[in-house]
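Worksheet: one structure, shown below.
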Amino acid sequence: MLALLDINNAYVSMERVFRPSLNGRPVVVLSNNDGCAVARSDEARALGIKMGQPFFQFRHLEEDAGLVALSANFGLYGDMSDRFMSLAAGLGAEQEVYSIDETFISLDGVRGDLVARSRRVRARVLQWLGLPCSVGIGPTKTLAKLANHVAKSAERKPGSYPAEHAQVCHLGRLSPAGLDELLSATPVGEIWGVGPRIGEQLRASGITTASQLAKLDANTVRLNWSVVLERTVRELQGTPCISFEDEPAPRQQIASTRSFGAPVRELEPLIQAISEFATRAAEKLRRQRTHAGRVMIFIRTSPFRKRDAQYSRFMVVPLRRPCADTADIVSSAILGLKAIFKPGFNFAKAGVMLMDLQPDTGGQMELSLEDDQPARHRGRLMRAVDDVNDRFGKGTLRIGSAKPRQAPQGSWETKLERRTPAYTTEWAAMLQVRC
DNA sequence: TCTGGGGTCCTAGGACCC
DNA sequence: TCTGGGGTCCTAGGACCC
């Protein structure tokens, strides 16, 4: 058996911990640039705000309905997530951290009443962290996900499922008929792995519920759709096809991309932006002890500005040898940028991706024909830079082509006009309690 | 006026090899 | 005149996830 624990309305709930006055009010958390909704409270959902909806379309609700819209504060969310994960780990022996607000727990070997145990963990998360979460239990990941959906809906949408499943739902202890009853009440689009496209195709074939999908023949599904959907069907039938990952698989690529706060037309600010993105990506690369073989950079205009001339190009630049060196990666990225830049466009977004990742140990030995700084010296330099930046703040030491620290805010930089304080990761932002 | 960021996996088709 | 079969690797595009 597997459990899936998931924080309800994660980002909004995390903000509410530090601002209880937000309880009961419609609240959304916005993506970078205050672009669109990435988390909604139940009250915001009730106002009709959709996941991913652009902010400008519902901005009027601030005035009309008391909506509170906040800029994303990922420093806060990451820290709260760490605390949640360590409490959730108490539910079973093994943990897979699936995303910032979700974790699978293997219940193999756990004795006793799983539902009662889950309720205790849930209560602890609520009392210690102030975060509401839901627990779904099932024999496969897809069924645990579905159970989690049932647990959430039963609590928040009375009538959608029997109330006994609220907060914690254990599919493993239902009779086949009882399980099918829940699957029949679940729209096919709610199933993990069924997105908008496949959902549309399934509905067009008359398959509208999880129960109907689970009753299809898996081999037929592979022929008519794909092996991906076949796995989903088998998982719904109780056969595990998606394995439990005890430790995270090494990343295959690392990206740092941003939409700009305002359109950018010149090369110089693009160089600044790309330098910054490449620096961030190289830092991530070193943190996970890998080297990259190639650097990809892209720039593009906004597809939403229909009247603008459109331009979108990318270029892959091989590194002379795999490395995690900020200077090498930045200069390769700028080389690529200069090759694809064309004046006369309103650029809206750019990014750097690092590819062909490999462990930073056991690299190929190189016969150095030119008098290049040996790689190990560059490695020590990068460690020193990381140490300084960890201790004195991000960007204390930076590459020359990036924006000087004291320079005025560049137009390309992200807009975060509604950012909340970093309550748990900055001394100055810590809340004070008067007794 | 204003529309996020960071990932994964699968498939089809082409180039190339013996 | 008649020109195979089996395999790998790479890339682009599509679908999905949170």
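- At a threshold of 4.0 angstrom between heavy atoms, the contacts of A:Gln57 with the nucleic acid are absent.
- Here B:dC18 sits opposite C:dG5 as a Watson-Crick or G-U wobble pair (both hydrogen-bonding atom distances under 3.5 Å).
- Residue A:Asn32 is in sugar-phosphate contact alone, with no base atom involved, counting any heavy-atom pair closer than 4.0 Å across all strands shown.
- Not one side-chain nitrogen or oxygen of A:Thr257 sits closer than 4.0 Å to the OP1 or OP2 atom of B:dG4.
- Here the options are A:Val385, A:Ile254, A:Asp386, the test is side chain to side chain contact (heavy atoms under 4.5 Å, CB included), and the partner is A:Glu283; only A:Asp386 passes.
- Both A:Phe55 and A:Gln252 lie close to DNA chain B; mapped to their nearest nucleotides by heavy-atom distance, the more 5′-ward contact belongs to A:Phe55.
- Candidate nucleotides C:dC18, B:dG7, B:dC10 were compared by shortest atom distance to the side chain of A:Gln253, and B:dG7 ranks first.
- The shortest side-chain heavy-atom distance between A:Arg83 and A:Thr424 falls under the 4.5 Å cut-off.
- Using a 4.0 Å heavy-atom distance criterion, A:Arg294 is classed as a sugar-phosphate-only contact.
- A straight line from CG of A:Leu357 to C1' of B:dG7 spans 12 Å, rounded to a whole angstrom.
- Contacts of A:Leu30 with the nucleic acid, taken as non-hydrogen atoms under 4.0 Å apart, are absent.
- Residue A:Val228 places its side chain closer to B:dC10 than to any other of B:dC9, B:dC10, C:dC18.
- Distances from the side chain of A:Arg251 to the nucleotides B:dT8, C:dC18, B:dT3 place B:dT8 closest.
- When heavy atoms are screened at a 4.0 angstrom cut-off, A:Phe304 is found touching base atoms of the nucleic acid.
- Contact check, A:Gln201 against C:dA15: no side-chain N or O comes under 4.0 Å of OP1 or OP2.
- As rounded to whole Å, 9 Å separates atom C1' of C:dC17 from atom CD of A:Glu102.
- A:Pro196 comes within contact range of the sugar-phosphate backbone alone, with a heavy-atom separation under 4.0 Å but no base atom that close.
- For C:dG4 and B:dC16, the C1' atoms lie 16 Å apart once the distance is rounded to whole Å.
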Take A:Phe55 and A:Cys36, measure what side chain to side chain contact (heavy atoms under 4.5 Å, CB included) needs, and give me the verdict at the end.
-> CA-CA 5 Å; A:Phe55 182 37; A:Cys36 47; 5.8 Å; no
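- Donor-acceptor pairing under 3.5 Å is recorded for the side chains of A:Ser99 and A:Asp101.
- Taken from OG1 in A:Thr142 to NZ in A:Lys145, the straight-line distance is 9.5 Å, to the nearest 0.5 Å.
- In the region residues 305-315 of chain A, proximity to DNA chain B at under 4.0 angstrom, judged on heavy atoms, holds for A:Arg305.
- Checked against B:dC2, B:dG6, C:dC18, the side chain of A:Ala255 finds its nearest nucleotide in B:dG6.
- A:Glu15 and A:Thr420 share a side-chain donor-acceptor pair at under 3.5 Å.
- Set against B:dG7, C:dC18, B:dG4, the side chain of A:Cys36 has B:dG4 as its closest nucleotide.
- Rounded to an integer number of Å, the gap from A:Glu235 CD to C:dC16 P is 17 Å.
- Residue contacts for A:Ile198: at a heavy-atom cut-off of 4.0 Å it reaches the sugar-phosphate backbone alone, with no base atom in range.
- Residue A:Lys349 has no polar side-chain atom (N or O) positioned under 4.0 Å from OP1 or OP2 of B:dT3.
- Along DNA chain B, the nucleotide closest to A:Lys284 and the one closest to A:Asp34 are compared, and the more 5′ of them pairs with A:Asp34.
- At least one test fails for A:Lys342 against the ring of A:Tyr311: distance under 6.0 Å to the centre or angle within 45° of the axis.
- Counting only heavy atoms from C-beta on, A:Tyr98 has its side chain closest to C:dC18 among C:dC18, B:dC2, B:dT11.
- Look at CD on A:Glu417: it is 14 Å from P on B:dC2, rounded to the nearest Å.
- The CD atom of A:Glu96 sits 13 Å away from the C1' atom of C:dC17 (whole-angstrom rounding).
- Residue-level contact check: A:Ser259 touches the backbone only, with heavy atoms under 4.0 Å from sugar-phosphate atoms and none from bases.
- For A:Val38, counting side-chain heavy atoms from C-beta on, the closest listed nucleotide (B:dG4, B:dC2, B:dG7) is B:dG4.
- Atom CE of A:Met353 and atom C1' of C:dT11 are 15 Å apart (whole Å).
- Remark: P of C:dC18 and CZ of A:Arg40 are 13 Å apart, rounded to the nearest angstrom.
- Residues A:Val352 and A:Val330 are not in side-chain contact: their nearest non-hydrogen atoms beyond the backbone lie 4.5 Å or more apart.
- No side-chain N or O of A:Thr301 forms a donor-acceptor pair with one of A:Asn346 less than 3.5 Å apart.
- One can place CZ of A:Phe260 at 15 Å from P of B:dC2, the figure rounded to the nearest angstrom.
- Among the atoms of the strands shown, only primed sugar atoms or phosphate atoms (P, OP1, OP2) are found under 4.0 Å from some heavy atom of A:Ser256.
- Across all strands, A:Arg59 comes closer than 4.0 Å to no nucleic acid atom at all (heavy-atom distances).
- At distances below 3.5 Å, at least one donor-acceptor pair connects side-chain atoms of A:Gln212 with backbone N or O atoms of A:Thr209.
- Residue A:Arg280 is out of contact with every strand shown, counting any heavy-atom pair closer than 4.0 Å.
- Contact annotation for A:Ile191: backbone-only contact, meaning every heavy-atom pair under 4.0 Å involves sugar-phosphate atoms and none involves a base.
- Phosphate contact (OP1/OP2 of C:dC18, side-chain N/O of A:Lys145, threshold under 4.0 Å): present.
- At a threshold of 4.0 angstrom between heavy atoms, the contacts of A:Gln53 with the nucleic acid are absent.
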